[in-house]
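To start, the structure under review is shown below, and the notes come after it.
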Amino acid sequence: MNQSEENKKKVIVRVCIGTGGLAAGGKEVIEAFKKAIADFCVDIDLDFTCHYQKVGCRGFCARDVLVDVVDGDTSVTYQGIKPDIAKRIVEEHLIKGEPVKEWLIDDSYHAFHAKQLKILLKDCGTIDPEDIHAYVKVGGYDAIKKILSSMIPEDVIAEIKASGIRGRGGAGFPTGVKWEACRKAPGDVKYIVCNADEGDPGAFMDRSIIEGNPHSVIEGMMIAAYAVGSNLGYVYIRAEYPAAVDRLKLAMAQAHEMGYLGNNLFGSGFSFDLRIKLGAGAFVCGEETALIASIEGERGMPRAKPPFPVQKGLWGKPTVINNVETLSNIPYIIRNGAAWYSSIGTEKSKGTKVFALTGKVKNTGLIEVPMGIRLGEIIYDIGGGIIGDKKFKAVQTGGPSGGCIPAELLDTPVDYESLGRVGSIIGSGGMVVLDETNCMVNIAKFFLEFTQAESCGKCVPCRIGTKRLLEILDRITKGLGREGDIELLEGLCAGVKSASLCGLGQTAPNPILSTLKYFRSEYETHIREKKCPAKVCKDLLTYSIIDAACTGCGACKRACPAGAISGEKKKPHRIDPEMCIKCGACFDTCKFASVDRE
Amino acid sequence: MAGLATVFGSGAMTNSIPEIVNNDLIFVIGSNTTETHPIIGLKMKKAFRKGAKLIVADPRRIDLVRFADLWLRQKPGTDVALLNSMMHVILRESLEDNEFIANHAEGFEQFRASLAEFTPEVGEKITGVPKAKIREAAVLYANAERAAIYYTMGMTQHTHGTDNVFSIANLALMTGNLGRESVGVNPLRGQNNVQGASDMACAPDVLPGYQKVDALQVRERFEKEWGVVLPGKAGLTATEMTEAALNGSLKAMYIMGENPVLSDPDMRHTVKALKNLEFLVVQDIFLTETAALADVVLPASSFAEKDGTFTNTERRVQRVRKVLTPPGDAREDSWIIAEISKRLGYEMKYHAMEDVMQEIGRLWPAMAGISYSRIEKRGLQWPCPTSDHPGTPYLFKGGFPRGKGRFTTVPYRPSAELPDGEYPFLLSTGRQLFQYHTGTMTRKTSAIEAIAGGRPYVEIHPDDAARLHIADGQKITVSSRRGSIEIAARITERPLEGMVFIPFHFTEAAANVLTNTALDPVCKIPEFKVCAVKIEVS
Amino acid sequence: MVKVTIDGKTATVPEGITVLDAAKRLHITIPTLCHHPKLSPFGGCRLCLVEIKGVPRPVTSCTTPVADGMEATTTSPNLENLRRTVLELVLSDHPNDCMVCERAGDCTLQELAYSYGIRENRFEGERRTYAKRDGNPFIERDMEKCIMCGRCVKVCEEVEGVGAIDFAYRGFKSKICPPFERDLDCEFCGQCVAVCPTGALTGKLWKQKGRQKDVREVETTCGYCGCGCNLTLHVKGNEVTRVDSKAETLNEGWLCVKGRFGYSFIGSTERLTTPLIRREGKLEPASWDEALDYVAGRLKGIKEEHGSDALAGLSSARCTNEENYLFQKLIRAAIGTNNVDHCARY
Amino acid sequence: MSEILDDIIARYREKDGNVIFLLQETQEALGYIPEEAVGYFSKKLEIPSSRFFGVVTFYSQFHLKPRGKNIISVCCGTACHVKGGSKIADRVLRDLALSAEGETTEDGKFTFEIVRCVGACSIAPVVLVNNRAYAEMSADGTSKILREIKKKESDESK
């Protein structure tokens with residue numbers, strides 16, 4: 001590098017390499033930029049140097065790969081970038097100064113962000129998660145420094161209590177109260193555990209936070225540790241999240257190097273260190289006591305409460321377990337004050353909540369909204385409505401522990417109490433939108449399949465009860481449902497809910513109960529008429545070809561894996577119902593809508 | 001057991017089994033407790049769960065080692081050196097209980113001097129246990145609140161078995177670890193009624209209740225009760241009987257429920273002795289190896305076919321009840337004894353078995369308070385002198401029967417026969433979990449035979465096996481100066497290198513073909529635990 | 001000490017005990033299946049659920065410690081309904097073969113099904129089916145009857161310190177098995193059999209040896225090692241059909257493989273059933289009178305010829321106190337020598 | 001193998017390790033959990049084998065048999081399910097001629113697994129091929145990927 005190189009202006013190309021970004025080719029995009037620049041360098045003496053910044057999830061995964069080009073004070077965002085577009089951006093934008101209009105973000109991008117309030121996700125998509133200085137630059141580790149220099153633990157707890165923050169892992173227990181209980185529990189050795197075993201299908205906010213802003217979690221844990229009197233923390237994280245694990249390890253190493261983890265932090269006498277424990281793939285380990293068992297190296301079978309972990313947790317010592325999102329909020333609360341935080345949200349649910357908005361909405365992605373926003377606003381304003389402008393049917397919140405909320409309740413505010421009232425929960429923040437082509441019995445069955453497979457097997461209601469629930473649902477979707485099945489489901493759901501040992505079993509019936517509550521007629525149609533109104537349940541469907549519409553192109557015949565379709569060219573074809581395996585290949589293949597599914 | 005009796009005036013477990021769970025330090029030396037006394041093993045495990053520390057001193061990696069905080073792997077036969085050097089450390093670090101010594105013991109000063117030479121360095125040299133571990137064990141034991149020592153035949157079946165027991169007693173006396181709940185010295189008795197058989201004086205020098213035969217007043221009391229004149233000269237011990245049979249001075253033997261052919265050392269020697277008798281009567285439930293040599297065999301009863309009592313290792317007298325009639329013409333042992341006695345002109349008159357118990361109580365005050373009705377539900381531990389006495393869970397609460405406990409100076413003496421060039425391996429013998437003694441009962445129990453029967457084995461260290469090119473399960477020949485057996489090798493890290501171990505239950509490859517008849521000079525116990533053997537690959 | 005009220009009855013109980021134990025002190029019975037007083041609490045069967053004032057959902061009384069002022073209810077329509085549901089669920093995954101089950105009449109599950117009068121079961125569906133395989137001669141493991149209470153796992157770990165079995169897999173497929181589902185390879189103490197509340201674990205030796213009727217139970221003391229465990233012999237006719245031990249004994253009901261399973265030697269066909277006298281080198285059957293007269297005659301003869309000390313007796317540490325006493329008395333009083341010893345010397 | 005396992009044990013002793021750590025490292029090094037490895041750990045560490053087996057079979061991460069060269073994981077989390085993940089799973093089964101999830105093809109080239117949410121719900125349905133995520137997949141698209149891998153495999157073996 002010669003002197004002139006150093007004097008050149010710096011252009012930053014910021015690329016999303018969250019899971020969505022990676023899957024869409026984030027890394028390849030960076031390589032393409034590098035290659036394009038190198039190619040141009042051969043012929044032209046560029047008047048800038050290009051720096052690359054990999055950032056975590058920016059939320060709008062549906063438009064990945066998202067690329068920011070930052071040139072001095074101006075920042076331009078591109079969406080849907082593929083590697084082959086990089087060359088054009090380099091040539092037209094970086095060299096000639098003309099942004100490439102057709103790939104610039106559009107209105108949907110703005111609409112997606114308009115109603116969001118980003119606290120956690122703000123830094124998540126902008127700072128380099130692999131550089132501790134990036135976090136420090138935006139105020140990172142100020143909160144812990146502030147605490148260590150000016151607050152006693154009880155003050156910290158009071159501040160957290162005043163902020164009103166409640167656990168973001170599912171149950172919504174007030175965080176400050178939990179800390180206080182642990183602080184007061186007798187014992188010299190206490191632990192802080194960060195629950196990053198995000199197991200809910202349809203939720204990925206914790207992963208995104210760790211990938212995008214790992215230091216905020218570490219700082220949150222430090223604050224919690226100081227408040228309860230702990231010197232050692234564990235991050236229990238899914239082994240299935242290798243990128244997040246690597247980020248976290250790197251962040252820990254950097255924090256150690258900077259003296260932010262270890263002994264006598266900032267000369268305060270307070271020491272704190274962290275260890276990582278990899279979860280080995282068991283949903284139930286999201287449950288506090290199962291998680292403790294797992295950290296101890298045991299089968300993740302929940303233990304009876306009381307005693308609660310804050311009294312007798314890891315290795316029998318008082319332990320606070322908070323989830324990633326909760327901990328990540330803590331530094332922001334300390335930095336900006338409890339009053340600021342509690343001004344956001346509703347009376348009982350404070351702050352913002354991150355949701356994974358997925359399913360049949362146009363704008364899928366990770367969103368952060370103030371508590372109290374209405375469901376409809378999320379789905380229509382942020383989510384942009386239903387794909388293909390189909391009819392909205394329900395939104396499933398809270399994963400396998402949650403429920404399905406129908407169209408008539410879209411005005412429901414999103415907070416702990418309101419969602420509870422309509423039979424669902426906020427949970428960890430999964431929000432899956434369903435449209436008219438989704439069968440609600442099938443959805444309930446899907447969740448029961450999940451909980452049944454993930455039941456640890458310790459207690460009877462969950463081990464056998466969820467199995468029996470699933471079997472009843474299965475026979476209903478197969479056209480073998482009987483009168484009385486709905487009542488049987490209701491009775492057993494009630495039993496499993498109140499008799500199960502842990503949260504998994506206690507909430508497993510929720511998807512059934514909420515679909516029964518709002519979509520009972522769908523169950524009845526399955527049972528009495530042996531029909532699936534949404535045309536999902538395979539065994540209740542028959543495929544046939546509408547002679548009048550069939551052109552005899554033969555596409556369906558070629559697609560049929562069972563050889564059930566016959567017919568001469570250019571003449572209407574026939575499906576042999578005996579041979580048909582109801583896979584739907586013909587239906588999907590036919591370009592003339594001549595396959596009838598009933 | 002003579003050792004403990006000499007020191008304290010009584011030779012039995014000082015504590016009871018339920019006290020084990022409250023130990024905070026358990027020192028197991030020469031006892032494979034979990035295999036030989038499984039239920040006592042469970043109590044120990046319960047204590048470990050409650051936080052008790054465990055020191056195991058054993059040349060073999062026995063199962064208990066899994067639970068041990070400290071494992072001292074002494075060479076077989078070097079226990080005295082190990083214990084002496086532990087005591088050396090205790091004195092050096094002033095951990096002894098001077099108050100206890102002053103009030104309850106005698107002969108300390110002389111004894112103290114004898115320990116001077118047993119530095120941990122010397123201990124390490126003799127025993128092979130690192131001196132740091134010797135020190136650690138000494139400190140752990142001396143500092144514990146509720147320490148108890150447990151030992152069995154690993155201590156006693158040596159030519160210096162009595163010395164070993166003296167050493168254990170010295171250690172306990174020095175630290176004042178006696179006379180309290182969960183604190184004491186506990187020889188675990190190997191068989192269901194060893195304690196009872198000893199109490200009942202099936203022993204040549206005492207009458208029931210450890211009352212000396214040579215004491216005139218004692219004899220007079222018995223003569224009065226029994227109505228005969230009793231001999232005042234001590235008789236022969238079991239091992240002396242074998243010698244007497246060989247030299248012809250003993251002509252006839254009546255053996256009840258015992259199988260010395262398999263259980264005594266040097267099997268060929270034993271068989272020769274028994275064959276040399278003019279007349280041999282054996283009373284048993286099976287045709288044992290010994291019964292097969294008899295002139296008359298009398299069919300007797302199993303424990304389920306008779307009424308009576310057993311006294312377990314903690315001195316607890318418990319009921320045995322008749323639930324079956326003996327098979328065929330078999331009879332209860334007591335009936336047989338009485339019939340023979342009658343035919344010898346001495347009639348034994350009892351209406352019921354309990355009459356016998358009452359007679360015992362009249363002659364031995366420690367059992368005077370025990371009657372069948374009192375032990376209907378739960379047994380009582382002697383001493384129990386009166387019918388309202390609750391029994392005695394632990395001994396020496398107020399002091400020792402002989403007044404003060406006596407320190408005994410114990411020099412280190414090597415075992416009688418140690419490995420040499422010709423017989424380079426050290427053989428130790430003992431039991432395994434599934435079998436019992438000579439197998440008279442267990443080997444006739446088909447389920448046990450299926451899992452652990454008919455497969456005698458010799459444990460050999462992997463390094464030795466590798467050196468001799470022995471494969472696991474391979475038949476090898478083990479020979480001593482007395483005989484040789486063919487037996488399957490079991491390669492395991494349980495024994496020390498240079499050491500082999502054979503369980504003695506199996507007649508097919510009887511360990512006691514090999515063992516040495518050398519006796520402890522006091523107790524006349526043979527040295528089952530150490531002899532020299534060689535190994536040849538067949 | 002804390003004050004608790006259970007079903008309206010108030011008592012002062014030690015701090016730290018469970019609601020279940022407190023109820024026991026008040027003579028209130030709460031149904032249980034997985035609970036065992038000597039093992040750590042599990043809370044898996046959910047039968048012992050109770051309602052506690054101020055607690056939103058029922059809690060298991062076997063795991064919940066008492067608190068001062070606690071008010072608990074052990075029975076209510078809701079609780080009984082839950083218990084019934086739980087039992088029906090358990091039975092829906094349990095073979096319906098009490099008629100041939102070795103545990104019938106001694107089975108907690110059967111007892112509960114009986115007391116709740118469960119004849120019809122609302123639930124049906126897949127039942128776990130396992131091929132029976134276990135190559136050991138002591139313990140029959142019929143895991144289809146296993147209700148996953150975990151007592152066997154805990155007794156093996158907490159009491160025996162062995163850990164030969166553990167829970168494996170999860171959910172409906174969970175089962176208790178030796179590692180890699182191989183045959184049981186352990187100490188065969190049978191503690192697991194003793195604590196199993198159903199027919200999942202039984203003694204192989206018990207098989208078809210008799211049910212409750214005509215079986216007598218007699219308390220006695222084990223004839224093996226020096227521990228002196230208290231045994232209960234189950235006797236039918238003139239045969240010991242089973243051995244176990246009661247929980248309130250000194251050995252707490254625990255036994256070892258020999259004590260629990262090593263009893264069949266009693267009925268061995270190899271037992272000596274008649275006196276034998278050696279004639280021309282061979283041992284031949286004889287009558288008692290013949291044998292006893294012969295023995296007495298020979299002993300008397302030798303004594304007369306060589307003196308009392310030419311005779312000796314060797315007794316046994318396996319015989320009773322009374323027998324040993326009589327034996328030495330015979331040797332001393334009838335023969336007149338102190339040449340008497342026993343094998344305990346070793 | 002014992003050298004690998006000894007190394008794992010050494011690291012286990014260094015950290016406040018546990019059974020799960022041992023197994024994770026073993027699987028990382030050997031690709032699965034062989035019975036002999038468990039026996040080895042059990043003997044060296046005096047932890048009953050039954051505990052290892054209990055843990056191995058509890059967590060879905062662990063495998064008792066070697067897995068195929070290529071791991072095809074179809075996500076069947078909620079978002080993927082509502083967008084047709086199960087159809088993709090059916091197709092993979094058919095293409096690889098397997099009868100159930102979790103199986104490995106006879107030639108050892110492919111293992112097919114259903115995973116419960118990989119946390120990439122906004123790009124559902126997702127298929128992971130050797131841990132690389134493919135966004136918004138279809139049954140046909142998956143078939144195409146499988147064909148490509150098969151071709152590459154057969155080219156390599158030539």
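What you see is a predicted model; the values in this text were computed from it and never measured. Order of the sequence lines sets the chain letters (A, B, ...), proteins ahead of strands, with each chain counted from 1.
Only the side chain of B:Val281 comes within contact range of chain C, judged by heavy atoms closer than 4.5 Å. Neither the backbone nor the side chain of C:Glu284 comes within less than 4.5 Å of any heavy atom in chain B. Using a 4.5 Å cut-off between heavy atoms, B:Met241 touches chain C through its side chain atoms alone. For B:Phe48, no part sits under 4.5 Å from any heavy atom of chain C, backbone or side chain. With a 4.5 angstrom heavy-atom cutoff, B:Lys306 touches chain C only via side-chain atoms. C:Asn230 touches chain B through its side chain: at least one heavy atom from C-beta onward sits under 4.5 Å away, while N, CA, C and O do not. There is no contact between B:Lys342 and chain C, counting heavy-atom distances below 4.5 Å. Only the side chain of B:Val213 comes within less than 4.5 Å of a heavy atom of chain C; its backbone N, CA, C and O stay farther away. For C:Leu330, the parts lying under 4.5 angstrom from a heavy atom of chain B are both the backbone and the side chain. Heavy atoms of C:Ile302 lying under 4.5 Å from chain B belong exclusively to its side chain. Interface remark: B:Ala244 contributes no atoms to any contact with chain C (heavy atom separation under 4.5 Å). For B:Leu250, the parts lying near chain C are the backbone and the side chain together; criterion is any non-hydrogen pair under 4.5 Å. At a 4.5 Å heavy-atom cutoff, the contact between B:Asp63 and chain C is made by side-chain atoms alone. Contact annotation for B:Thr36: only backbone heavy atoms (N, CA, C, O) come within less than 4.5 Å of a heavy atom of chain C. Of the atoms belonging to B:Thr311, heavy atoms from both backbone and side chain fall under 4.5 Å from chain C. Of the atoms belonging to B:Ala245, not a single heavy atom falls under 4.5 Å from chain C. Both the backbone and the side chain of C:Tyr325 have a heavy atom closer than 4.5 Å to some heavy atom of chain B. In this structure, chain B has heavy atoms under 4.5 Å from both the backbone and the side chain of C:Val159. Only the backbone of B:Arg319 comes within less than 4.5 Å of a heavy atom of chain C; no side-chain atom from C-beta onward does. Of the atoms belonging to C:Glu248, it is backbone heavy atoms, and not side-chain ones, that fall under 4.5 Å from chain B. Looking at B:Ile17, the atoms closer than 4.5 Å to chain C (heavy atoms on both sides) all sit in the side chain, from C-beta outward. At a 4.5 Å heavy-atom cutoff, the contact between C:Leu205 and chain B is made by side-chain atoms alone. With a threshold of 4.5 angstrom between heavy atoms, C:Thr221 approaches chain B through its backbone and through its side chain.
The greatest number of non-hydrogen atom pairs below 4.5 Å with chain C, out of B:Gly227, B:Pro326, B:Pro299, is found for B:Pro299. Considering only heavy-atom pairs separated by less than 4.5 Å from chain C, the leading option among B:Ile40, B:Leu277, B:Val229, B:Ile360 is B:Ile360. Across B:Ser446, B:Ala447, B:Pro38, B:Gly308, the residue that shares the most heavy-atom pairs under 4.5 angstrom with chain C is B:Ala447. Ranking B:Ala252, B:Gly328, B:Ala330 against chain C, the residue ahead of the rest is B:Ala252, based on heavy-atom pairs under 4.5 Å. In terms of heavy-atom pairs under 4.5 angstrom with chain C, the leader among B:Val297, B:Leu433, B:Asp199, B:Asn312 is B:Val297. The choice from B:Phe222, B:Tyr346, B:Tyr254 that makes the most heavy-atom pairs within less than 4.5 Å of chain C is B:Tyr254.
No more than 12 heavy atoms of other residues, nucleotides or ligands lie within 6.0 Å of CG in C:Asp185, so this atom counts as exposed by the packing criterion. The environment of NZ in C:Lys236 is crowded: more than 12 heavy-atom neighbours from other residues, nucleotides or ligands sit within 6.0 Å.
When only modelled atom types and interatomic distance are considered, C:Asn324 and C:His342 share no side-chain donor-acceptor pair under 3.5 Å. Under 3.5 Å, the side chains of C:Asp341 and B:Thr237 contain no donor-acceptor pair of N or O atoms. A donor atom on one side chain and an acceptor atom on the other are found under 3.5 Å apart for B:Glu359 and B:Tyr350. For the residue pair C:Glu219/C:Thr232, the side-chain donor-acceptor check at 3.5 Å is satisfied. A donor-acceptor contact under 3.5 angstrom links the side chains of B:Gln283 and B:Asp333, judged on distance only. Judged purely by distance below 3.5 Å, without hydrogens or angles, the side chains of B:Gln195 and B:Arg316 never pair a donor atom with an acceptor atom. Looking at C:Gln328 and C:Ser315, their side chains never bring a donor and an acceptor atom within 3.5 Å of each other. With no hydrogens or angles considered, no side-chain donor-acceptor pair links C:Thr274 and B:Asp329 at under 3.5 Å.
A cation-pi arrangement is absent between C:Lys258 and B:Phe434, since the terminal nitrogen or guanidinium carbon is not both under 6.0 Å from the aromatic centre and inside a 45° cone about the axis.
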